2 protein chains.
Amino acid sequence: MSEPRWLTPDQAEVWAKYRRLRRELQRAQDQQLQQDSGLSAADYALLAPLSESADGVLRARELGAEVGWERSRLSHQISRMEKRGLVTREACADDARGSMVRLTEKGREAIEAAAPAHADNVRRLVFDPLTPDEMRVFGDVLDRILGAVERNAG
Amino acid sequence: MSEPRWLTPDQAEVWAKYRRLRRELQRAQDQQLQQDSGLSAADYALLAPLSESADGVLRARELGAEVGWERSRLSHQISRMEKRGLVTREACADDARGSMVRLTEKGREAIEAAAPAHADNVRRLVFDPLTPDEMRVFGDVLDRILGAVERNAG
DNA sequence: ACCAGGTTGTTGACATGTCACCGACTTCGT
DNA sequence: ACGAAGTCGGTGACATGTCAACAACCTGGT
């Protein structure tokens, strides 16, 4: 603590690569989604769990947990998507505080049209370049770092 | 193309982990930076290359290339940082279109105060959990995916 | 010298994300 | 039954990122 340990040159290089990948991969995905289907990554993130749920309805709390978003962010995004007719809001029968988010027909068409090309893009850019061994270790690496981040957040 | 290939369950799991890591790690870094030094990740991203350059001055074009940002994003962020006294803008002697970005004394103090804790955080969350082998493979994985993304962007 | 085409930086409009806060409701201990 | 504390979703203000368009400038071929 009194004596800061800097990153080694190898570590700095890997860290720079990670930041670059995060940026470039995000950009590639945003572009592909926007061009092929007119959806943003935020749209897709919410439509995907909705389309996989029973009747295309999820409680906002559940949807937020699925995607790992804060309530405020989720609420804003739902408002924007509601305005474009992708989802609707409904009252929650069990809990008068709650609100349910329902996929519209238009929303279902949008996600079903977008999903194949999106999956293909992920597979092509992320997984096709990796050997089975690399993919296994990659998964382990993600687990270890995630563990550290979550212990950190407490 | 006519027949979409979906992700295998293993791939879907790794992909979900990647997205989660991207989100959680970003959040951890934002919080740490903001709390310890009052800087945002965007501030830090620009201050770091500036502080390492001769005299703390870089042409906007160079700074943009360093961080991989578009011109518009860079210009907006510089405006915000200028307003807070972290950097100043100057005319470019070589090229009348250009503009130079100069670190202020306040900007240098901010980055120098923030850097050790930031580096420590990266090391602790990302590299300490990895074995040397894992880190080596991780670097290879990033290279391969980056290669695919860049071939994709053309 | 000239000008068509590329480069550089900025701007305004808009989309997205964060923060602090609120109002309504539920939960839980008493 | 009651109230304190927690949960849930929403809102407004603001920070950040994207996009299209623009003005000014440089560059290269002619």
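Quick caveat: nothing in here was measured; it's all calculated off a predicted structure.
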Engineer: Between Arg61(B) and Arg71(A), which is nearer to the 5' end of DNA chain C once each is assigned its nearest nucleotide?
Structural biologist: Arg61(B)
Engineer: Just to be sure I understand the rule, does Ser99(A) reach a base, reach only the sugar-phosphate, or reach nothing, if contact means heavy atoms closer than 4.0 Å?
Structural biologist: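 Sugar-phosphate contact only.
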Engineer: Measure from CE on Met100(B) to P on dG9(C) and round the result to the nearest Å.
Structural biologist: 10 Å
Engineer: Start at the 5' end of DNA chain C and walk down; is the nucleotide closest to Ile78(B) or to Arg97(B) reached first?
Structural biologist: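 In this pair, the answer is Arg97(B).
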Engineer: What are the 5'-most and 3'-most nucleotides of DNA chain D lying under 4.0 Å from any heavy atom of chain B?
Structural biologist: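 The footprint of chain B covers dT16(D) to dC26(D).
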Engineer: Could you state the CG-P distance from Leu74(A) to dT18(C), rounded to the nearest angstrom?
Structural biologist: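 Distance check: Leu74(A) CG to dT18(C) P gives 12 Å.
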Engineer: Is the shortest side-chain N to carboxylate O distance from Arg123(B) to Asp120(B) below 4.0 Å?
Structural biologist: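 Salt bridge present between Arg123(B) and Asp120(B).
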Engineer: Counting the atoms with a prime plus P, OP1 and OP2 as sugar-phosphate, which does Arg23(B) contact under 4.0 Å by heavy atoms, base, sugar-phosphate, or nothing?
Structural biologist: nothing
Engineer: Could you check whether the rings of His118(A) and Tyr44(A) sit parallel, tilted or perpendicular, using 30° and 60° as the cut-offs?
Structural biologist: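 If you compare the ring of His118(A) with that of Tyr44(A), the planes turn out tilted.
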Engineer: Toward the 5' end of DNA chain D, which comes first, Ser75(A) or Arg84(B), by nearest nucleotide?
Structural biologist: Ser75(A)
Engineer: Using whole Å, what does the distance between atom C1' of nucleotide dG9(C) and atom CG of Leu58(B) come to?
Structural biologist: 16 Å
Engineer: With DNA chain D as reference, determine whether Glu70(B) or Ser40(B) sits nearer its 5' end, using the nearest nucleotide of each.
Structural biologist: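 With Glu70(B) and Ser40(B) compared, the 5'-side residue is Ser40(B).
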Engineer: Just checking Arg89(B): base, sugar-phosphate only, or nothing, at a heavy-atom cut-off of under 4.0 Å?
Structural biologist: sugar-phosphate
Engineer: Can you check the Arg80(B) CZ to dG9(C) P distance for me, whole Å?
Structural biologist: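 To the nearest whole Å, that distance equals 17 Å.
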Engineer: Can a donor-acceptor pair under 3.5 Å be found between the side-chain atoms of His76(B) and the base atoms of dT10(C)?
Structural biologist: no
Engineer: Is any side-chain N of the basic residue among Asp10(B) and Arg136(A) closer than 4.0 Å to the acidic one's carboxylate O?
Structural biologist: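 Arg136(A) and Asp10(B): not salt-bridged.
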Engineer: For Arg84(A), is there an ion pair with Asp43(A) - N to carboxylate O distance below 4.0 angstrom?
Structural biologist: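 Looking at Arg84(A) together with Asp43(A), the answer is yes, because their closest N to O distance falls below 4.0 Å.
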Engineer: Mind checking if Asp30(B) touches a base, just sugar-phosphate, or nothing, with heavy atoms under 4.0 Å?
Structural biologist: nothing
Engineer: Under 3.5 Å, is there an N or O donor on one side and an acceptor on the other linking the side chain of Arg73(A) and the base of dT18(C)?
Structural biologist: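 No.
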Engineer: What is the separation between atom CG on Asp95(B) and atom P on dT10(C), rounded to the nearest whole Å?
Structural biologist: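 Distance, rounded to whole Å: 12 Å.
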Engineer: With the side chain counted from C-beta on, respond yes when Val101(B) and Leu50(B) share a heavy-atom pair under 4.5 Å apart, and no when they do not.
Structural biologist: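 Result yes, sub-4.5 Å side-chain heavy-atom pair found.
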Engineer: Would you call Arg102(A) and Glu82(A) a salt bridge, taking side-chain N to carboxylate O under 4.0 Å as the test?
Structural biologist: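 Salt bridge between Arg102(A) and Glu82(A), a charged N being under 4.0 Å from a carboxylate O: no.
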Engineer: Determine whether Glu134(B) and Arg144(A) satisfy the following criterion, side-chain contact (heavy atoms from CB on, under 4.5 Å), listing intermediate values before the conclusion.
Structural biologist: CA-CA 10 Å; Glu134(B) 285 173 334; Arg144(A) 283 175 184 270; 2.8 Å; yes
Engineer: What is the nucleic acid contact for Arg27(B), judged by heavy atoms within less than 4.0 Å: base, sugar-phosphate only, or nothing?
Structural biologist: nothing
